[in-house]
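Numbers for residues simply follow the sequence, beginning at 1. Because the structure is a prediction, the values reported are computed rather than measured.
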Amino acid sequence: MGDPVHRSTSAVRRACAVGTTVALVGLTTGLGIMTATAANAETLDTTQPVLSAETPAPVDGNETPTPAPADEQPPADETPVPADEAPEPSDEVPAPAPADEPAAPETTAPAATEAPKPTEAPKPDVTTKAADATVTIEGTAKVGTRLVAVVTGFDDEAGYKYSWTDQDGNVLAKAASYVVDPTDVRKTITVAVTGTLPGATEPSTVTSEATAAVTQTPAFLGEDGQPTTAGATQDSPLELSTTAGDTFSHTFRAQGFPEPKYSVSWFYDEDADYAEEFPEDETAPEDELPWDLEFDASTGELSGTATLAMGYEFAITATSGTESVTQYVSMTVEAAAPLGVEVYTTDRAGLFDDGDEERTSWIIEPDGTIYTLGEDDFLVGGRPTIKQGGTLIIQGGLVDRFGNPMGGFDNPTTETPTVTSDIASDVIAPDPELGDFGLVNVTFPHASIHNLTVAAGEFSTSFAVDVQPTAVAGIADPTPVAPAAAPVAPVTTGGQLAYTGSDTTDALPWALGLLVAGAGLIGARFARRRRAQR
């Protein structure tokens, strides 16, 4: 038959069974080429097995071959099969080649692989992939601030659904953003976003982390408990008032989180600058509070019984965390009901001079108590003193039990008092320049103790004046002299000040500042010092 060739025994058996010639040419694999020789069914001996290099020797047809040991048996495809047991032809793909022959790749039999149906495509694990989608909150958790949900990982074209909730589970909004409401103070906020992941058919929901507790910028509240603009600026301060001797209480309230803390502040920046420049004066914002009122920084309450009738300007600051708000306050303390007449007196000599000569003044309270005032000091007691022929200028007005003039120290009521003396020779008349402001002059021609009485309304005050003799001769007794028992009626000038050579645009403002307003200010300074020593 010529040179032996390698044949597939299964192919030979198929050829014998059907009586046809099969030529297997060019079966190509990734590892080599196998060629089968064509055979004619009429020339093949179908009673004998075809031998190959890998086929064991035949045995007697009447004997049963003894199987080889398990470890020596040939592969299943190489076991000889009798011709009468050959399987029927089929369309099956030839069995794989022996181990030493190249095997055909699976790609040579595409019919064996069935493509999955579209409806049977595996569904993505939505739960696992949802972890790739995120939502964060952009913005500060603060009342009035807009919070925005920032979403990543979802299919943008599918659209989102939002749900903003607080820590108690209350739904706040269902939009892409949310403006923090005052009712959210102290609460935390989260947002849940529902969307569809790329390639998924079912929506997924992702929830953000909670914000910090919602804060609130401090704001002062009005009596109705709502934020107020009263006192927001120095030009529109919060107006408060009370009367000397009355119990007063006002609580400054501010909303905010963290809980606001309160303090007294300067009303004017200039005062703050002064305190910083002159620390030795030991001034503080609390010095601007009404006299005898105290401020409780823990509660914001200003309370007490004010005793000094005048206007006050101060400020209260509420601080929440790192933010502060200030409320400016203008408070008026009115004088109480009049109790009597308080007298202020001083030597008129040199009153209009601009010299620095120290001047002594006296305040006589309604009960007759006298206070002697120097430039920088005062003492309880003493007696008004003047040289013979000199003139005392007297200012007397109604005051309450705290010594507050009617109208208060800032705006005392000017009233010309009625002045009388127990010495008939004393000359009593309105001051020629300041008479319209309620000032009366008393000139003393004789040296002795003179008792003066100053009356205003239903009240009067009496005090003694020590008129000391001079080395020069006394002045002639002026005529006429009003009797001691009959008080001199004040003389008016119809609103015009008598001309004495003094420039009313220069000296008068200084004098009025000392006498009309100055007396009240001196009294206020004195009252502060006196009460501080109690």
To the nearest 0.5 angstrom, please state how far the OG1 atom of Thr416 sits from the CZ atom of Phe437.
-> 10.5 Å
Taking 4.0 angstrom as the limit, do Lys142 and Glu323 come out as a salt bridge?
-> yes
Do the non-hydrogen side-chain atoms of Val467 and Ile449 ever get within less than 4.5 Å of each other?
-> no
Is any side-chain heavy atom of Gln468 less than 4.5 Å from a side-chain heavy atom of Thr385?
-> yes
Verify whether one side chain among Ser361 and Tyr344 offers a donor that lies under 3.5 Å from an acceptor in the other.
-> yes
Of all the heavy-atom pairs spanning Gly321 and Pro258, show the shortest one and how long it is.
-> N-CD, 4.1 Å
Will you find, in the side chains of Ser298 and Asp296, an N or O donor that is under 3.5 Å from an N or O acceptor?
-> yes
For Ser241 against Met331, the heavy-atom pair lying closest together | N-CG, 4.4 Å
With a 4.5 Å heavy-atom cut-off, do Tyr371 and Trp362 have their side chains touching?
-> no
What's the verdict on salt bridge (Lys or Arg N to Asp or Glu O under 4.0 Å) for Lys387 and Asp347, showing C-alpha distance, side-chain angles and the deciding distance?
-> CA-CA 9 Å; Lys387 292 295 184 179; Asp347 191 345; over 6 Å; no
Does a donor on one side chain sit under 3.5 Å from an acceptor on the other, for Thr317 and Thr326?
-> yes
Below 4.5 Å, heavy atoms only, C-beta onward: do Asp466 and Pro384 meet side chain to side chain?
-> no
For the pair Thr461 and Ile364, evaluate side chain to side chain contact (heavy atoms under 4.5 Å, CB included) and give the outcome as yes or no after the intermediate values.
-> CA-CA 8 Å; Thr461 296; Ile364 299 92; 3.5 Å; yes
Would Leu392 and Val465 satisfy side chain to side chain contact (heavy atoms under 4.5 Å, CB included), going step by step from the backbone distance to the final call?
-> CA-CA 9 Å; Leu392 283 179; Val465 178; 3.7 Å; yes
Roughly how far, to the nearest 0.5 Å, is CG of Leu339 from CZ of Phe459?
-> 6.5 Å
Any donor-acceptor N or O pair under 3.5 Å, side chains Ser460, Thr453 | no
Are side-chain heavy atoms of Ile363 and Leu373 found at a separation under 4.5 Å?
-> yes
If you count the non-hydrogen atoms of other residues, nucleotides and ligands that lie under 6.0 Å from CD in Glu209, is the total more than 12?
-> no
With rounding to the nearest 0.5 Å, note down the distance linking OG1 in Thr443 to CD1 in Ile386.
-> 7.5 Å
At what distance, to the nearest 0.5 angstrom, does CG of Asp271 lie from CD of Glu276?
-> 13.0 Å
Ser303 and Ser249 side chains, donor-acceptor separation under 3.5 Å | no
Side chains of Thr307 and Asp292, donor plus acceptor under 3.5 Å | yes
Non-hydrogen side-chain atoms of Asn451 and Phe463 separated by less than 4.5 Å = no
Quick check: does any side chain N or O of Asp426 sit under 3.5 Å from a backbone N or O of Phe444, one acting as donor and the other as acceptor?
-> no
Heavy-atom check, side chain of Phe252 versus side chain of Val329, under 4.5 Å = yes
When you measure from the side chain of Tyr312 to the backbone N and O of Val333, does any donor-acceptor pair fall under 3.5 Å?
-> no
Ile393 backbone acceptor or donor facing Thr345 side chain under 3.5 Å | yes
Chi angles and distances behind the side chain to side chain contact (heavy atoms under 4.5 Å, CB included) call for Ile428, Ser421 | CA-CA 8 Å; Ile428 303 173; Ser421 174; 4.1 Å; yes
Do Ser330 and Glu313 have side-chain atoms, one donor and one acceptor, less than 3.5 Å apart?
-> no
Please check if the side chain of Asp181 supplies one atom and the backbone of Asp184 the other of a donor-acceptor pair under 3.5 Å.
-> no
For side-chain hydrogen bond (donor to acceptor under 3.5 Å, both in side chains), just list the numbers for Asp281 and Thr283, CA-CA rounded to whole Å, side-chain angles, deciding distance to a tenth of an Å, and then say yes or no.
-> CA-CA 5 Å; Asp281 287 355; Thr283 56; 5.8 Å; no
Between the main-chain N or O of Ile189 and the side-chain N or O of Thr211, is there a donor-acceptor pair closer than 3.5 Å?
-> yes
Kindly compute the distance separating CZ (Phe295) from OH (Tyr262), expressed to the nearest 0.5 Å.
-> 8.0 Å
Without hydrogens or angle criteria, can the side chains of Gln234 and Tyr268 be said to hold a donor-acceptor pair below 3.5 Å?
-> no
May I ask you to decide whether Glu223 forms a salt bridge with Arg253, counting only side-chain N to carboxylate O separations under 4.0 Å?
-> no
Between the side chains of Asp422 and His450, does any donor sit under 3.5 Å from an acceptor?
-> no
Is there a donor-acceptor pair closer than 3.5 Å between any side-chain N or O of Thr372 and the backbone N or O of Gly381?
-> yes
Counting only N and O atoms by type, is there a donor-acceptor contact under 3.5 Å from the side chain of Asp166 to the main-chain atoms of Gly169?
-> yes
Do Val440 and Pro417 have side chains that get closer than 4.5 Å, going by heavy atoms?
-> yes
Minimum heavy-atom distance between Val454 and Gly396, given as atom pair plus value | CG1-CA, 4.3 Å
Would you say Glu365's side chain and Ile370's backbone share a donor-acceptor pair under 3.5 angstrom?
-> no
How far apart are the closest heavy atoms of Gly222 and Thr228, and which atoms are they?
-> N-CG2, 3.6 Å
Val179/Thr145 under side chain to side chain contact (heavy atoms under 4.5 Å, CB included): CA gap, chis, key distance, verdict | CA-CA 6 Å; Val179 178; Thr145 299; over 6 Å; no
For Gly245 and Arg401 the tightest heavy-atom approach is CA-NH2, 3.6 Å
Is a side-chain donor or acceptor of Thr346 paired with a backbone partner of Thr360 at a separation under 3.5 angstrom?
-> yes
If you round to the nearest 0.5 Å, how far is CD of Glu286 from OG of Ser265?
-> 9.0 Å
Does Thr194 offer a backbone N or O that forms a donor-acceptor pair with the side chain of Thr205 under 3.5 Å?
-> no
For Arg348 and Thr391, what are the C-alpha separation, side-chain angles and deciding distance, and is it a side-chain hydrogen bond (donor to acceptor under 3.5 Å, both in side chains)?
-> CA-CA 6 Å; Arg348 194 179 191 280; Thr391 298; over 6 Å; no
If you look at every heavy atom in Ala244 and Asn404, which pair is closest and at what distance?
-> CB-ND2, 3.6 Å
May I ask you to decide if the ring planes of Tyr274 and Phe278 are parallel, tilted or perpendicular, using 30° and 60° as cut-offs?
-> tilted
